[in-house]
There are 2 protein chains.
Amino acid sequence: MAHAIDYEKYTAQEQQLAVFAKALGHPARVAILQKLTEFDSCCHGSLASELPIAPSSVTQHLKALKNAGLIQGRIEPPQIKYCINKENWEKAKLHFSAFFKD
Amino acid sequence: MAHAIDYEKYTAQEQQLAVFAKALGHPARVAILQKLTEFDSCCHGSLASELPIAPSSVTQHLKALKNAGLIQGRIEPPQIKYCINKENWEKAKLHFSAFFKD
DNA sequence: TTAGTTGTTCGTAAAAATACGAATTATTGG
DNA sequence: CCAATAATTCGTATTTTTACGAACAACTAA
C-alpha cells in the first residue's frame, strides 16, 4: 500500500475535512449534491439524464458520495431514491465554515 | 486525454467549487492551509518539518495549492515565504458557504 | 412467463495523484 | 571561490481516479 494517502498521520479534523473536500472535488459530484439539496431526493436516472457522463459513471460518483457519508439511498420501487445525509451534511458544513473562519 | 475530468461540460460554479475542493482533498494540504492562516506566512522548511511526508512531497502539495489559486509565494532570502492568496481564499469561502446554504 | 425499466457490477484502459530519493539550482556566509 | 542552506526539479514506482460499455440483477407490468 505504498504511495497512498496515510490518513492516520494527520489529525482527526484534517482527515475529516479532507474526506469531505475530496468528495466535492469533482464537478459531477458537486452537481449531484446541488440537485439533491434542491429537489430533496432524486433517483439515479434523473441525475444521470442531466450529467454529461455514462450511467455507470454516475453510479461510481454516487458510491463515492455515499462512502464520504454525504448521501444515502433508499429503495422505493421501481427506483432508488438518493438524498442528502443531513447529519453528515451539517457536519461537513461546520467543518468548512470553521476552516474558513478567521 | 481520455478518462480525465472534462471540466468544460459543467457550469462555471461547479468547476470552480470542484477545483477548490480538490485542493482541500488531502490532509497535508489542509494542514498547510491551516498553518498559513494561523501564521500568516511560512517557508517550505517550517511546513515540511511538521508534516509526515518528504520535503519534495511538500513542494508538490504547495504547487497544487498554488495551481488552485489558494496560496502564493514570494522570495525572501534565504527562504521562500508562502502565504494565503486572500482574494481567492475569500472566493473559495463564498463558494463553499453558498454551496452549504439552504 | 415475458418483456421492459432501473440501476449496479465487472472488466478494462487511460490518466492523475501520491510519495520518495537523488540530483539540481540559487543564494548566502566564510 | 567554497561550503552550507533552502527549496525545487526530475525520474520513477505505486495507487487511485475517471470513464466507458457489456453483462447482470431486481422488480414491474402486461
Side-chain angles (χ1 to χ4, degrees), chain A residues 1-10 14-15 18-32 35-36 41-68 71-83, chain B residues 1-10 14-15 18-32 35-36 41-68 71-83:
Chain A
M1 290 263 292
H3 301 155
I5 300 177
D6 189 350
Y7 284 98
E8 295 182 10
K9 294 178 174 173
Y10 299 89
E14 288 160 357
Q15 287 177 42
V19 166
F20 285 140
K22 198 169 184 176
L24 299 182
H26 191 295
R29 293 194 291 268
V30 170
I32 289 171
K35 196 138 189 81
L36 291 184
S41 94
C42 287
C43 65
H44 172 279
S46 71
L47 293 166
S49 68
E50 301 198 22
L51 291 171
I53 50 177
S56 61
S57 299
V58 174
T59 297
Q60 279 188 337
H61 286 302
L62 288 170
K63 189 185 279 186
L65 290 170
K66 216 165 162 185
N67 287 341
I71 66 168
Q72 55 199 158
R74 65 171 189 290
I75 299 170
E76 198 169 292
Q79 295 160 339
I80 296 169
K81 291 284 191 182
Y82 287 95
C83 62
Chain B
M1 289 264 291
H3 300 151
I5 301 177
D6 189 350
Y7 284 98
E8 295 182 12
K9 293 179 176 173
Y10 299 90
E14 287 160 358
Q15 288 178 41
V19 165
F20 285 141
K22 198 168 185 176
L24 298 183
H26 191 295
R29 292 195 291 269
V30 170
I32 288 171
K35 194 138 190 85
L36 292 182
S41 94
C42 285
C43 65
H44 171 280
S46 72
L47 293 166
S49 68
E50 300 197 22
L51 292 171
I53 51 178
S56 61
S57 299
V58 173
T59 296
Q60 279 187 334
H61 287 302
L62 288 171
K63 188 184 282 186
L65 290 170
K66 216 165 161 184
N67 287 341
I71 67 168
Q72 56 199 160
R74 67 173 187 290
I75 299 172
E76 200 170 288
Q79 296 161 339
I80 295 168
K81 291 285 191 181
Y82 287 96
C83 63

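Lettering of chains follows the sequences in order, A, B, ..., and the numbering in each one begins at 1.
C:dT18 atom C1' lies 11 Å from atom OH of A:Tyr7, rounded to whole Å. Computed from coordinates, the B:Leu65 CG to D:dT8 P distance equals 12 Å when rounded to whole Å. For the pair A:Ile32 CD1 and C:dG7 C1', the interatomic distance rounds to 14 Å; values are reported in whole Å. One interatomic measurement links the two molecules: CZ of B:Arg74 to P of D:dT8, which rounds to 14 Å at whole-angstrom precision. Following rounding to the nearest Å, B:His44 (NE2) and D:dA7 (C1') show an atom-to-atom distance of 6 Å.
A:Ile5 has its side chain within reach of A:Lys22: a pair of non-hydrogen atoms, C-beta onward, lies under 4.5 Å apart.
When distances are taken from the side chain of A:Gln79 to each of D:dT14, C:dA14, C:dG7, the shortest belongs to C:dG7.
Using a distance-only test at 3.5 Å, with no hydrogens or angles considered, no donor-acceptor pair links the side chain of B:His44 to the main chain of B:Ile80.
Between A:Ala68 and A:Phe20, the closest heavy-atom pair is O-CE2, 3.5 Å. Closest approach of A:Ala23 to A:Leu65, counting heavy atoms only: O-CD2, 3.9 Å.
In this structure, CG on A:Leu62 lies 5.0 Å from OH on A:Tyr82, to the nearest 0.5 angstrom.
Note: A:Tyr10 and B:His26 have perpendicular aromatic rings, judged against thresholds of 30 and 60 degrees for the angle between ring planes.
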- Can you check each nucleotide of nucleotides 17-30 of chain D against protein heavy atoms at under 4.0 Å and return B for base, S for sugar-phosphate only, - for none, in 5' to 3' order? SBBBB-----SS--
